[in-house]
A.B. asks: 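Structure below; questions to follow.
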Amino acid sequence: MNGRQLGLAFAALLVVWGGMHWWRHDRPVHDAPGVLAPDPPEQVDLDTPAQLTRDDLTLTTRAHFELTARVLSREDYRFDAGASLAPTDLALGWGRMSDSAVLQRIRITQGSRFYYWHVDDFPIPRREIERSSANMHIIPANAGVRGMLSRVRAGEVVHIEGFLVDARRPDGWQWHTSLTRDDTGNGACELVYVESLVIDR
């Protein structure tokens, strides 16, 4: 096989890989109008945090956390400082942020561990968008959760149970979770240690 043939074979492989990635992760699920996940997350703050270890990381539990939400977007990370801990971010919505009639008027993207939205005109109030959606850094607690996480795609409704945690390494690196749905911007994302993840639909 000469260089040109090798290059063509490599290009074909990239196209196939890209198509598979799109089919597994980016291909959206389209639902009829209607709220799919009506309730906000349930959170119980912990008076006595526990500590978990993951390789060289220490995780400190801050709250028990449970929610059913629509996946607005997902983004996988492989090379940043948190990738080995939380390989995937899910942008999640509940209440009217799980309604296709609302979401078709909102452009949603993710990148650099943030979730972004843009509207030409507001289908619901700005504050409702901010309080009914969030970007969550997902830490799979085990291989089963990791496998289920690999199947999640935009438009699906997922049920997640676990803990909000802070993470730190001995070298001083730290990653803190948000403990409220009222914040925005830097530090507003939840760092979720997920013990159970179910794709509802």
Side-chain angles (χ1 to χ4, degrees), residues 35-77 80-99 110 113-115 127-170 173-201:
V35 171
L36 299 181
D39 300 320
E42 297 180 12
Q43 178 178 320
V44 179
D45 294 343
L46 300 176
D47 294 328
T48 307
Q51 290 195 333
L52 313 170
T53 58
R54 173 70 66 87
D55 298 325
D56 64 337
L57 284 155
T58 299
L59 307 179
T60 302
T61 59
R62 301 292 307 280
H64 184 265
F65 192 69
E66 182 175 353
L67 80 159
T68 298
R70 179 171 179 165
V71 180
L72 308 179
S73 178
R74 70 169 286 155
E75 185 74 13
D76 297 322
Y77 295 90
D80 69 8
S84 62
L85 178 66
T88 299
D89 282 5
L90 297 179
L92 300 172
W94 52 90
R96 289 198 287 178
M97 282 297 288
S98 68
D99 185 346
Q110 285 174 286
R113 294 291 183 175
F114 287 94
Y115 141 61
R127 196 61 178 138
E128 186 175 353
I129 295 174
E130 295 171 343
R131 299 181 67 178
S132 299
S133 62
N135 188 61
M136 302 196 183
H137 313 307
I138 305 299
I139 304 171
N142 52 57
V145 172
R146 185 178 292 271
M148 187 64 70
L149 179 61
S150 71
R151 295 168 48 192
V152 171
R153 57 196 175 100
E156 292 179 325
V157 175
V158 296
H159 183 78
I160 290 173
E161 294 184 44
F163 293 90
L164 299 179
V165 299
D166 292 333
R168 60 181 172 83
R169 287 194 176 103
W173 179 88
Q174 298 183 40
W175 203 358
H176 295 283
T177 184
S178 169
L179 292 172
T180 177
R181 311 296 85 75
D182 291 332
D183 50 3
T184 61
N186 192 24
C189 299
E190 286 73 18
L191 184 58
V192 191
Y193 182 80
V194 177
E195 297 183 318
S196 174
L197 191 161
V198 177
I199 301 172
D200 286 347
R201 67 177 81 91

A.B. asks: Can you list everything that forms a side-chain hydrogen bond (donor to acceptor under 3.5 Å, both in side chains) with Q51? Sequence neighbours excluded, please.
C.D. replies: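 With sequence neighbours excluded, Q51 shows a side-chain hydrogen bond (donor to acceptor under 3.5 Å, both in side chains) to no residue whatsoever.
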A.B. asks: Could you measure the distance from the CG atom of L67 to the CD atom of E42? Nearest 0.5 Å is fine.
C.D. replies: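 One gets 9.0 Å once the value is rounded to the nearest 0.5 Å.
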A.B. asks: Quick one: ring-ring contact (aromatic ring centres under 6.0 Å, His included) pairs with a partner in residues 180-201, sequence neighbours left out?
C.D. replies: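 ring-ring contact (aromatic ring centres under 6.0 Å, His included) check on residues 180-201 returns no pairs.
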A.B. asks: Looking only at non-hydrogen atoms, find the nearest pair between L191 and T177 and report the distance.
C.D. replies: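 Heavy atoms only, the tightest pair is N-OG1, 3.0 Å.
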A.B. asks: For F114, does its backbone N or O pair with a side-chain atom of D89 as donor and acceptor, under 3.5 Å?
C.D. replies: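 Absent.
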A.B. asks: How far apart are the closest heavy atoms of D80 and A83, and which atoms are they?
C.D. replies: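 Smallest heavy-atom distance, with atoms named: OD1-N, 2.9 Å.
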A.B. asks: Looking only at non-hydrogen atoms, find the nearest pair between W173 and L57 and report the distance.
C.D. replies: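 Where W173 meets L57 most closely, the heavy atoms are CZ3-CD2, 3.5 Å.
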A.B. asks: Among all residues two or more places apart in sequence or in another chain, which pass the salt bridge (charged side-chain N to carboxylate O under 4.0 Å, His left out) test with D55?
C.D. replies: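 Salt bridge (charged side-chain N to carboxylate O under 4.0 Å, His left out) list for D55, sorted by chain: empty.
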A.B. asks: Using side-chain hydrogen bond (donor to acceptor under 3.5 Å, both in side chains) as the criterion, list what pairs up with D183, not counting sequence neighbours.
C.D. replies: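 Residues passing side-chain hydrogen bond (donor to acceptor under 3.5 Å, both in side chains) with D183: S178.
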A.B. asks: Salt bridge (charged side-chain N to carboxylate O under 4.0 Å, His left out) with D166: which residues, sequence neighbours excluded?
C.D. replies: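 Applying salt bridge (charged side-chain N to carboxylate O under 4.0 Å, His left out) to D166 gives R62.
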A.B. asks: Of all residues at least two apart in sequence or in a different chain, which pass the side-chain hydrogen bond (donor to acceptor under 3.5 Å, both in side chains) check with S132?
C.D. replies: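 Here no residue qualifies.
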A.B. asks: Using side chain to side chain contact (heavy atoms under 4.5 Å, CB included) as the criterion, list what pairs up with N142, not counting sequence neighbours.
C.D. replies: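 Side chain to side chain contact (heavy atoms under 4.5 Å, CB included) check on N142 returns V145.
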A.B. asks: Only one of R181, Q43, H137 passes side chain to side chain donor-acceptor pair (under 3.5 Å) with E190; say which it is.
C.D. replies: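 Only match with E190 under side chain to side chain donor-acceptor pair (under 3.5 Å): R181.
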A.B. asks: Which residues pass the side chain to side chain contact (heavy atoms under 4.5 Å, CB included) test with E161, not counting sequence neighbours?
C.D. replies: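 Per chain and number, E161 pairs via side chain to side chain contact (heavy atoms under 4.5 Å, CB included) with E66, H159, S196.
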A.B. asks: Would you name the heavy atoms of S133 and Y115 that are closest together and state the gap between them?
C.D. replies: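 Closest pair (atom of S133, atom of Y115, distance): OG-OH, 2.9 Å.
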A.B. asks: Roughly how far, to the nearest 0.5 Å, is CG of N135 from CZ of R113?
C.D. replies: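 So the gap between those two atoms works out to 8.5 Å.
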A.B. asks: List the residues meeting salt bridge (charged side-chain N to carboxylate O under 4.0 Å, His left out) with R169, not counting sequence neighbours, and say none if there are none.
C.D. replies: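 Applying salt bridge (charged side-chain N to carboxylate O under 4.0 Å, His left out) to R169 gives D56.
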A.B. asks: For F163, check ring-ring contact (aromatic ring centres under 6.0 Å, His included) against everything at least two apart and list the hits.
C.D. replies: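 For F163 the ring-ring contact (aromatic ring centres under 6.0 Å, His included) partners, ignoring immediate neighbours, are H64.
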A.B. asks: Could you pull out all residues at least two apart from R131 that satisfy side chain to side chain contact (heavy atoms under 4.5 Å, CB included)?
C.D. replies: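 With neighbours one apart ignored, the set is R127, D182.
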A.B. asks: Measure the CG-CD distance between D76 and Q110 for me, rounded to the nearest 0.5 Å.
C.D. replies: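 Going from CG on D76 over to CD on Q110, the span is 9.0 Å.
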A.B. asks: Between A167 and L59, what is the shortest heavy-atom contact and its length?
C.D. replies: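 Closest pair (atom of A167, atom of L59, distance): CB-CD2, 3.5 Å.
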A.B. asks: Kindly write out the residues that satisfy side-chain hydrogen bond (donor to acceptor under 3.5 Å, both in side chains) with E75, not counting sequence neighbours, or none if the list is empty.
C.D. replies: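 Counting only residues at least two positions away or on another chain, E75 forms no side-chain hydrogen bond (donor to acceptor under 3.5 Å, both in side chains).
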A.B. asks: So, does T61 use its side chain to make a donor-acceptor pair with the main chain of A50 at under 3.5 Å?
C.D. replies: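 Yes, because the side chain of T61 sits within donor-acceptor range (under 3.5 Å) of the backbone of A50.
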